[in-house]
Structures are given as C-alpha cells and as structure tokens.
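Heads up: the structure comes next, in structure tokens.
Reckoned from all heavy atoms, side chains included, excluding hydrogens, waters and symmetry mates. Read the numbers this way: they start at 1 and go in the same order the structure lists the ligands and their atoms.
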Amino acid sequence: MNIENRYVSGKEILDWQSIELSKGGEVEEIEWLLDIGGGFSCSSFAKLKIIQDRKYQLKLSLEKLSTIWERYLYEKIPLQYLLGKCPWRDFEIEVNPSALIPRPETELLIDIALDKIQCSLNRSGIWVDLGTGSGVLAIALARALPDWNGHAVDCSKDTLALAKKNFKNLVFDSSVSLHLGNWFEPLHPFLLGKVDLIVSNPPYIPTSFLSELDLLVSKNEPRLALYGGEDGMDSSREIINGASKYLSSGGWLIFEHHFDQSERALEMLIKAGFLNVNFENDLQGVRRFAMGRHP
Ligand code: GLN
C-alpha cells in the first residue's frame with residue numbers, strides 16, 4: 001500500500017483502520033480522525049463495506065493520519081489540538097491549546113438561549129458571552145441573531161486572538177466586540193442594565209475533582225478554562241453577581257456547570273433575586289445548565 005498517497009481505495013482505508021486500532025483507541029475516535037482530518041465522512045464508511053475497490057481522495061494521507069493517531073495515543077494530545085480544528089454545531093472552528101476544546105454538551109446552551117429570548121427575536125438586543133474561549137458560543141449567537149449587538153469576553157490574550165480568528169472565518173458582517181479582561185470588567189458601563197442575554201460556560205471543575213480528570217484534559221487544556229476554585233463555583237458566583245447589574249429587566253442569564261452543582265447554582269440565582277430560576281439537562285440527561293430571569 002502506498003501510504004503517501006492521498007488517493008486510496010476503500011480496502012486500503014479499512015486495512016489502515018484495523019492496523020491503527022490494534023495500537024489502541026476506539027472505533028469512534030478513529031472514524032472522527034478520518035472524517036475531520038481526512039475528510040472521509042461517516043456515511044462513506046457504510047459504503048466501504050460494500051464497495052471496497054472505489055478510490056477516495058483524502059485531505060491528509062494515511063501516513064500523516066497515522067502520525068496524528070500515534071501522538072494522540074502515546075503522547076496523550078487531543079485529536080482536536082493535533083488537527084487544529086473541531087466541529088461544533090453547524091460550523092468548524094480552529095482550536096489550539098490556548099482555549100478549551102468546545103464540548104458537544106455546550107451546544108445545547110445555544111438552543112436554550114434562543115428559546116428563552118424567542119419573544120424578542122424580532123427586535124435587536126444585546127448579548128454577552130463571558131469566557132468566550134475559542135468563541136463558539138459567541139459565534140453561534142452572532143450567526144443566529146444578526147441584528148443583535150454582541151460582546152465576547154476572555155481574560156487571556158492568546159485565547160481572544162483565537163476567538164478573533166474564528167470570528168473572521170465564520171461570521172460575516174458581525175456587530176460583535178471582543179474584550180480582553182476578567183468577566184464584566186472590560187465591559188463599558190453604558191451596558192449596565194441594558195443586556196438582554198448573558199451566556200457562559202465558565203471554568204467549573206472543583207479542586208477535589210482535579211485528580212479524576214482524564215490525562216488528555218489535565219495535560220493539555222488551559223487550567224484557566226477548567227478550574228473553578230475549591231467548590232468549582234468561583235466563576236459562577238462572579239457571573240451571577242455581575243449579571244444582576246448588567247441585565248435589563250427581563251434579561252436572561254444562562255450558564256453551564258458541573259454535574260453536581262445544579263442545586264447550588266439555582267440557590268445562588270434565587271438568593272440574587274432572579275425569577276423563573278430553572279435548570280436544563282444535557283443530552284446525557286445530566287443537570288448541566290442553570291438559568292434565571294432578571295426582575
Ligand atoms: N465558551 C467556551 C466553550 O464553551 C470556553 C469555555 C471555557 O474556557 N471554560 O468552549
């Protein structure tokens with residue numbers, strides 16, 4: 001088999017896959033690599049079993065994909081960082097170790113947010129994404145709400161540079177401002193009491209949970225994006241506090257949290273005077289999002 005070649009037969013792909021899987025890893029992971037890295041879609045896999053002699057053009061040679069797979073297995077570097085990209089909702093973003101790899105469960109936060117502001121969809125408004133990271137939440141909001149003004153905040157210069165790049169590639173003609181700083185700190189006081197929607201997927205891993213994190217996560221992803229202090233809720237506290245000042249009357253705060261933080265998050269929202277306080281599960285059925293409406 002000529003593994004330098006990007007034109008390969010179905011049989012070569014199947015043989016390659018079983019050799020690589022004998023080194024370790026899961027079928028879903030190698031299929032993800034072939035899809036996102038090689039451009040060989042999952043639907044093509046189904047056809048492979050029937051027509052093996054057809055030739056396919058890959059985006060990366062099988063040799064290059066093997067190198068990436070081995071680094072993933074042996075050096076414990078996430079495939080997303082090795083490829084420099086990650087699909088999320090209906091787009092693909094650039095990623096690097098300056099930002100958290102966007103998680104599939106976070107995708108739902110956008111659906112919840114759009115549902116909550118449904119009655120205001122026909123007018124313009126203001127949203128804020130706190131701790132934007134690679135920019136996924138902000139990009140999805142900018143694409144869904146082109147008439148709204150958005151503000152995306154992150155405290156790391158490198159991370160914000162990545163978000164900026166992703167914005168340039170994925171949102172045309174956007175009225176979104178990117179701010180460097182801590183939570184609400186870089187926002188203009190003009191926004192006090194005027195924001196209609198605040199979203200955040202803040203760092204929420206509690207200290208006690210650090211040792212349980214997968215090596216792929218703890219070794220590679222930015223600590224700043226992961227750890228939320230002793231009980232994991234330092235950021236949530238700051239966000240709820242600031243949201244009370246920046247939200248307009250009727251404005252929504254929606255944020256993601258650790259699987260065991262739901263009750264405390266809801267309590268904090270109620271204590272801060274929020275109305276319609278509620279939670280939503282992620283797709284695994286785990287309580288993952290807390291939300292409330294500013295009085
Ligand atoms: N908002 C980004 C995401 O959900 C970054 C989150 C973070 O760094 N904690 O991927």
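The distance criterion of under 3.5 Å between nitrogen or oxygen atoms is met by G131 with respect to ligand 1. Ligand 1 has no nitrogen or oxygen under 3.5 angstrom from a nitrogen or oxygen of S134. Note: no N/O pair closer than 3.5 Å links P102 and ligand 1 by distance alone.
Of all protein heavy atoms, the one lying nearest to atom 8 (O) of ligand 1 is A225 CB, 3.2 Å. Considering only non-hydrogen protein atoms, atom 6 (C) of ligand 1 sits nearest to N201 O, 3.1 Å. Of the protein's non-hydrogen atoms, T132 O, 3.3 Å is the one closest to atom 2 (C) of ligand 1.
Side-chain atoms of E256 and Y204 form a donor-acceptor pair, as typed in the model, at a separation below 3.5 Å. Residues E12 and Y56 bring no donor and acceptor atom of their side chains to less than 3.5 Å of each other.
Close contacts between ligand 1 and T106 involve ligand atoms 4 (O) [criterion: under 4.0 Å to a heavy atom]. Of all the atoms in ligand 1, the ones that sit under 4.0 Å from a non-hydrogen atom of V136 are 3 (C), 10 (O). Atom numbering of ligand 1 starts at 1 in the shown order; those under 4.0 Å from a heavy atom of G133 are 5 (C).
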- Message: If you apply the rule salt bridge (charged side-chain N to carboxylate O under 4.0 Å, His left out), what do you find for D154 with K164, and how did you get there?
- Response: CA-CA 11 Å; D154 204 279; K164 201 173 204 168; over 6 Å; no
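Partner of F184 under the side-chain contact (heavy atoms from CB on, under 4.5 Å) criterion, out of L191, V195, I198, L192: I198 alone.
A salt bridge links R143 with D90: the closest approach of a Lys/Arg side-chain nitrogen to an acidic carboxylate oxygen falls below 4.0 angstrom.
N281 contributes no side-chain N or O that, together with a main-chain N or O of R288, makes up a donor-acceptor pair within less than 3.5 Å.
Below 30°, between 30° and 60°, or above 60°: for F91 and W88 the angle between ring planes is between 30° and 60°, a tilted geometry.
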